[in-house]
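Okay, so here's the structure we're looking at.
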Amino acid sequence: MTWKKNLFSYFVWFVYALAVGLGMACVGSVVCDYADIPFYVGIALGIAWVFLVGGAVFLLHRRRASGGRTQRESAMGTVAEAAIVVIVLAAGLVLRVYGIDGAGEKAAYFQAASVMSGQEIPQVVQGSVYLYLQLLHVVFYFLGNKLMAGVWLQILLQFTAVLLLYFAVRCFAGRAGSMIFLCFCMFSSFMVEEALNLSPEMLYLVIWSGVLLWLVTATGRRFRVPEYFFTGLLVEVRCYLDVEGNFLVFAAGSVLFCRRDEEEQRGRMVQAGFLCVLGFLLGFLSCVLADAVCSGKTFVGVLGAWMTLYRPERFSVPLATGEAQFPAEFILLLCLLVFGVFGFWRDRENDRMKGWVAGLCAMALLSCFGCFTALMPVGVYLFLLMLALAALGVDECFRRIEPVREEDAEPEEQGTEELVFVRLPEVPRRREPPPAPGMIENPLPLPKRHVSRVLDYDIKSVDSSVYDLETDDNDDFDL
């Protein structure tokens, strides 16, 4: 996704740079306390890393890439990428199998979804939790009430979601950025722990990732008018299931307003936005109505319960330093986020980070107002969005700069180039015949075509015919 760089882009960059700086300061203080070193040493190391990244990006920006990749190199790169993906997924699976002995500490969902006589699945307001209980109940119905069956379901759901996100990140962050994203998802202790606990986060993450992948791939083609209505409907269903789907609203808006090869008219954009909002509203009303019919409650009751569940509370900033035994992955993530601070300045016209930073800030703001529930915390989604931003920042700094072709270059100003006049040989032109004068239709009747006649009757001859006529001597007819 690419947007036109404007004044709002610079404001978003300032917010992003400020957040990265504050994050490095917080993590640096934790590391300094854990390592028992002075605080100014951590600050000096952070400043040194920022200058190192800035210098590297500046040198890469000065360097101009020459030539492109051949078809053979591209095919070999694809094969190597597929092999690395398989190896990373296998290593991530080994890590989860290694820690599966301590899985299932949060077994409340196991008891709620177990198949027992006379036990029904409790009706909950939160749609994502209810769907997860139904899925877990179906798994226990076929495989038995086994905790490991639920854990393997969690691992399968997480791997599915990570693969969907990998392809989504690859669409806008390139091959290197998607590899960074995949390695963090597979080797991060935070993601390993989430895969071994029964919770509805992984099921909703699969749905969330699928919609995000569809929206990201939609930016490469021209949307038809009915697809805008379907986009609003699809996004609203995810938002009704849980408030984490609000980020998809920013992704859908990015599809509408991102820069394309063929610029759409303003009237078409207004029409598309109207259809998207209409689909969003109709989807919300349909979800509330379907929930009311399935639960046997009134429409107003379901709507009130949903609004009470996600009602904003008093603003508060959730500060947490995290566990000191796993500081390496968070330090590495913040170091990668620094690349986005400098990668923003490489392209003077296009901005590829504005939509993602705005969506991440919106999610953080909703977290400060307490809109997320305890059953579906926002930590996984914030972590994944920061990973996507880090991958995008690295790709923005190291992506190949295509040389400007002569036919695409802008004409130079008058007086800066030498004018050369060349006399071309004259080519004789063929004279075209003058157009015929206009004729009027002949009003007189045309002569009829001669029709030959055939005599079909007999001619009787008289033998006594006399051909000599006698004339008088006084007849002067021959004079």
Does Thr217 use its side chain to pair, donor to acceptor, with the backbone of Trp214 at less than 3.5 Å? yes
Here the gap from Thr160 atom OG1 to Ile155 atom CD1, rounded to the nearest 0.5 Å, amounts to 11.5 Å
Exactly one candidate in Val53, Val338, Leu392, Val57 meets side chain to side chain contact (heavy atoms under 4.5 Å, CB included) with Cys397; the answer is Val57
If you round to the nearest 0.5 Å, how far is CE of Met202 from CD of Glu194? 5.5 Å
Do the non-hydrogen side-chain atoms of Phe383 and Val380 ever get within less than 4.5 Å of each other? no
Main-chain N/O of Gly340 paired to Glu396 side chain as donor or acceptor, under 3.5 Å: no
Please table the atom pairs, donor to acceptor, closer than 3.5 Å between any side-chain atom in residues 11-28 and protein atoms at least two apart or in another chain.
{"from": "Trp13", "atom 1": "NE1", "to": "Val341", "atom 2": "O", "distance (Å)": "2.8"}
{"from": "Tyr16", "atom 1": "OH", "to": "Leu337", "atom 2": "O", "distance (Å)": "2.6"}

Side chain to side chain, Phe339 and Asp395, heavy atoms closer than 4.5 Å: no
Tell me, do Cys287 and Leu241 make a side-chain contact under 4.5 Å, heavy atoms counted? no
Counting C-beta onward and ignoring hydrogens, is there a side-chain heavy-atom pair between Met353 and Ser9 closer than 4.5 Å? no
Spacing of NZ belonging to Lys354 relative to OH belonging to Tyr10, to within rounding of 0.5 Å: 10.5 Å
Within this structure, what is the OH-CG distance for the pair Tyr310 and Asn246, rounded to the nearest 0.5 Å? 9.5 Å
Do Gln154 and Tyr132 have side-chain N/O donor and acceptor atoms under 3.5 Å apart? yes
CZ/Phe299: more than 12 non-hydrogen atoms of other groups inside 6.0 Å: yes
Given Trp208, which partner from the list Leu212, Val211, Val206 fulfils the side chain to side chain contact (heavy atoms under 4.5 Å, CB included) test? Leu212
Would you mind reporting whether Val302 and Leu289 have side-chain heavy atoms less than 4.5 Å apart? no
With sequence neighbours excluded, tell me which residues meet side-chain hydrogen bond (donor to acceptor under 3.5 Å, both in side chains) with Ser209. none
Could you tell me whether the side chain of Glu329 and the main chain of Ser189 form a donor-acceptor pair under 3.5 Å? yes
Would you check if Leu336 and Phe184 make a side-chain contact, meaning some heavy-atom pair closer than 4.5 Å? yes
Classify the angle between the aromatic ring planes of Trp306 and Phe284 as parallel (below 30°), tilted (30 to 60°) or perpendicular (above 60°). perpendicular
Would you kindly say whether Tyr130 and Gln134 are connected by a side-chain donor-acceptor distance under 3.5 Å? yes
Within-4.5 Å side-chain heavy-atom neighbours: Val88 and Phe187: yes
Any heavy-atom pair between the side chains of Pro200 and Tyr109 that's under 4.5 Å? yes
Report the residues that fulfil side-chain hydrogen bond (donor to acceptor under 3.5 Å, both in side chains) with Glu81, sequence neighbours left out, ordered by chain and then residue number. Tyr166, Arg170, Arg175
